[in-house]
Every structure is written in structure tokens, then in C-alpha cells.
Amino acid sequence: MTSLRIFFVGGLISFRALFSFLRPEIYIPSMLVAPIFQILLFVYIGRSAGLESDEFFVIGNAVQYAAIPCLFAMTFTIGGERFQHTLGYILVSPAPRLPLFLGRALPVVVNGFFVAAFSLVVGGLIVGIHVPASSFAPLALATLICAFSCTGLGLTGAGIGLLMRE
Amino acid sequence: MADGEPAATGTRSSLRVARVLVRGFALHLKMMMRSSFDGLLGVLWPLFFATIAFLMFRAGAGGESLVFASFGAAVMGIWSSTSTSAGSAMQRERWHGTLELLVSAPVHFATVLLPVTVAMSAMGLYSMVATLLLSRYVFGVDLPFEHPVAFGFAVVSAVVSIGAMGFLLAVSFVRYRTAWALGNLLEYPVWLIAGFLVPLTLLPGWVRPISWLLAPTWGVDAIRDAASGGNAWPEIALALALGTVYLGIGIAVLETVLASARRAGSLALA
């Protein structure tokens with residue numbers, strides 16, 4: 001029970017406390033608007049190069065954008081402890097390590113999935129692509145897997161961040 | 001003698017401003033070059049995008065479009081190094097606790113801040129050289145350099161005008177505590193709207209007047225024209241003229257911000 005509480009409650013509290021992007025004035029430009037412009041950039045490069053369809057670039061960039069919040073958030077939720085001088089307290093606490101650190105990953109995966117889904121829907125509407133209804137479930141699964149794996153990579157980056165200043 | 005004194009004072013004042021600009025530029029350039037974040041990432045980040053763009057153009061249109069993309073991607077780095085850092089230039093001085101000292105220095109604060117943002121855009125030259133080398137030696141693009149002198153002036157005009165745009169961003173976002181997020185936000189739109197990788201003719205008609213107001217549009221056009229043997233001087237003049245306009249607007253905004261800070265008695269919350 002303690003491990004579950006650390007995993008869910010502790011993970012959520014840490015995410016809210018350490019992921020500085022959660023403020024609207026940062027979240028909206030960085031997580032909601034920037035991916036739309038990235039999608040538009042690649043759609044127009046694709047059109048200029050005469051390569052692939054708009055669907056290819058909208059879906060590709062939207063799913064890729066799950067990586068940004070996952071990589072950044074994991075770095076912040078672990079490396080942030082060091083900057084706030086709380087890492088020592090975390091490491092000496094009797095809480096089990098696995099739920100302590102993996103619990104921080106769950107909100108990150110959910111957030112990464114949301115950012116990618118938002119980018120896909122809004123980017124798709126702006127560019128005017130057609131995605132068949134039968135593709136929704138596989139697309140959602142692929143996005144979720146991408147968010148999950150990028151969170152794992154972010155956790156690795158956070159570990160490296162404990163050893164490097166920048 | 002009486003007539004000569006004001007002239008001598010004016011000359012001394014101009015020399016002092018020039019010295020602050022040059023010393024400030026050199027000092028901040030040195031500081032940024034010491035940072036692995038500003039240096040290494042500043043080169044690598046645009047190179048990732050440049051590589052993707054080269055691969056896309058090589059697989060698609062190829063030929064002349066690769067030359068077009070090479071010079072556009074080269075200028076992307078100058079804009080990236082400015083947009084992501086300039087927005088928070090004043091905020092950074094606040095964090096360091098040096099903002100009050102700089103504002104109270106016996107020179108106009110604009111002459112302190114401008115070299116900072118021009119140094120930021122000059123850092124993009126790292127990325128520009130790296131991107132041109134990448135396109136030449138990795139992707140085998142035969143890059144023309146028909147007018148080297150005009151090319152040099154075009155690069156300088158791009159750096160200075162983008163630095164002036166950074167100055168405008170720095171003073172405009174001063175009341176916004178998370179200015180760096182806005183600076184980051186502007187990176188992709190300007191890459192797109194300034195025609196770095198996509199010809200402006202492909203964009204909707206209403207976007208073009210916006211692109212004409214952006215100095216990077218004329219900077220990259222000047223570089224392309226100088227390289228390909230066209231007449232780059234009108235674009236160089238337009239880039240510098242726009243840079244001067246940004247500077248004028250920036251100084252006006254700065255005066256307002258400083259007047260507000262004096263009224264409030266606090267720069268920290270200005």
C-alpha cells in the first residue's frame with residue numbers, strides 16, 4: 001500500500017512541484033503552440049520538396065512531439081531535486097526507490113500523450129488532413145508507446161544530469 | 001574654443017558609446033563561448049533540422065533546392081541562438097543581480113543591452129559555418145560564392161539585424177517572467193515565415209507582408225543573392241534598415257519600462 005501511495009500520490013506531487021512547464025504561460029507556448037508550428041514547418045518543407053503527403057508530416061511530427069515533454073519532464077522531475085537541494089532528503093528517505101522514481105514517470109507519460117494528441121488534432125484540422133476512424137486506435141497506441149519509451153530515455157537523461165552541470 | 005568644446009564633448013560621447021558597444025559585444029561573446037550549452041547545443045540543434053531538411057530535399061526536388069535549403073539552414077542557427085536567449089536577456093541580469101548596476105551605469109542602458117543580443121546572434125555563426133560545411137562535405141552540395149564581398153556584408157547585416165530584433169524582443173518581454181518560453185515559441189514561426197527552407201511563394205498570401213517586416217527574411221535573401229551572383233545590396237540595405245527600426249522601437253519601449261521602474265521605485269518588478 002505504501003509503495004502504491006508513493007507511486008501514484010508521490011509521483012503526481014513531484015510532477016506538479018518540479019515540472020516548471022505546468023504554468024499556463026509556459027505550457028501553452030511550449031507544449032501546445034510550438035508543435036503546431038513544427039508541423040506547419042515540415043508540411044511546407046514537404047510540399048516544397050515534393051515529398052510525401054501532408055498526413056505523413058502531421059502524424060509524424062505530432063507523435064514525435066510526445067518526446068519533448070517526456071524528455072524534459074523526466075529531467076526536471078529528477079534533476080530538479082538537485083537544484084532545489086532536496087535530492088539528499090529523497091535519497092536518505094526510507095521510501096522504496098522503484099515506486100519513488102517510476103511514480104514520477106506516469107504523469108509524464110500522460111502529459112506526453114496529451115501533447116501529441118492535441119498536436120495531431122489541431123495540426124490536422126489546420127492543414128486539413130483526413131485520418132480514417134479505423135486508424136484512431138492504432139495511432140493512439142503508437143503515441144502512447146512513444147511517450148512511454150521517451151519517458152524512459154528522459155529518466156536516463158536525468159541520471160546523466162545528476163553528473164553534468166548543463 | 002567655445003565652439004570647439006561641444007564638438008569635442010560630442011566626439012568623446014560617441015567614442016564612449018562605441019567603446020561600450022565593442023567591449024560589451026566582446027565580453028558577452030567570450031562568456032557565451034565558455035558555455036557548453038550555448039556553444040555545443042547552439043551548433044547541434046539547427047544541424048539536426050538542417051540534416052532533416054537536406055535529406056528531404058535530396059529525396060524530393062534535389063538540385064537547386066538543396067542550394068536554397070543550404071543557405072536557409074545556415075541562417076536558421078543565427079535566428080535560433082538569438083530567439084531562445086534574447087527573450088530572457090534582461091531576466092537573466094535580474095537573476096544575476098546585475099540589472100540595477102547596469103541601468104545605473106553612466107551610459108544609456110540600450111548600449112549595454114544591444115551588444116548582448118548581437119553577441120547572441122553572432123554565436124549563430126558557429127552554426128552557420130557548421131551547416132555550410134555539412135551541406136558541402138556530407139551532402140555534396142556545390143555551394144556557389146559568386147560575390148564574396150557582398151556575401152560577407154550580407155552575413156554581417158543578417159547578424160546585426162537579427163541581433164537588433166533580439167534587442168526588441170528582450171525589452172518587449174521584460175515584464176513577462178517566463179520570457180524564454182515566448183522566445184522559444186518564435187523559433188519555428190520565423191524559420192517558416194522568413195523563408196529559410198520554404199519559398200515564400202508557397203505560403204498563403206497574407207503571410208508575405210508579415211515576412212517583409214522580419215529582418216531575417218532580407219538577411220537570408222541577401223546571403224542567397226550574394227552567393228548566387230545576384231544583386232544583394234538592396235536586401236542588405238533593407239535588413240540593416242529594419243534593424244535600425246527595431247532598435248528605435250526597442251529604445252522607445254526601454255524608456256517606457258525604465259520610466260515605469262523609476263515610478264515604482266523597483267527594477268526587480270518592472
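Chain naming here is simple, since letters A, B, ... match the order of the sequence lines and numbering starts at 1 in each. What you see is a predicted model, and the numbers here were worked out from it, not measured in a lab.
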Quiz prompt | Residue B/F49 versus chain A: region with a heavy atom under 4.5 Å | solution = side chain
Quiz item: What part of B/L186 is in contact with chain A, defined as an atom under 4.5 angstrom from a non-hydrogen atom: side chain, backbone, both or neither?
Solution: neither
Exercise. For each of B/L192, B/L66, B/L203, tally heavy-atom pairs with chain A at distances under 4.5 Å, and name the one with the top tally.
Key: B/L192
Quiz prompt | B/I193 side, atom CD1; A/L40 side, atom CG - distance, nearest 0.5 Å | solution = 9.5 Å
Evaluate whether atom [atom1] of [X] has more than 12 neighbouring non-hydrogen atoms of other residues, nucleotides or ligands under 6.0 angstrom away.
{"X": "A/F37", "atom1": "CZ", "value": "no"}
{"X": "A/F7", "atom1": "CZ", "value": "yes"}
{"X": "A/F148", "atom1": "CZ", "value": "no"}

Quiz item: Taking the side chain as C-beta and beyond, is there a heavy-atom pair between A/F42 and B/Y188 under 4.5 Å?
Solution: no
What pair of heavy atoms forms the shortest contact from [X] to [Y], and how long is it?
{"X": "B/L202", "Y": "A/Y44", "value": "O-CE2, 3.5 Å"}
{"X": "A/S48", "Y": "B/L197", "value": "OG-O, 4.2 Å"}
{"X": "A/A49", "Y": "B/M56", "value": "CB-O, 3.8 Å"}

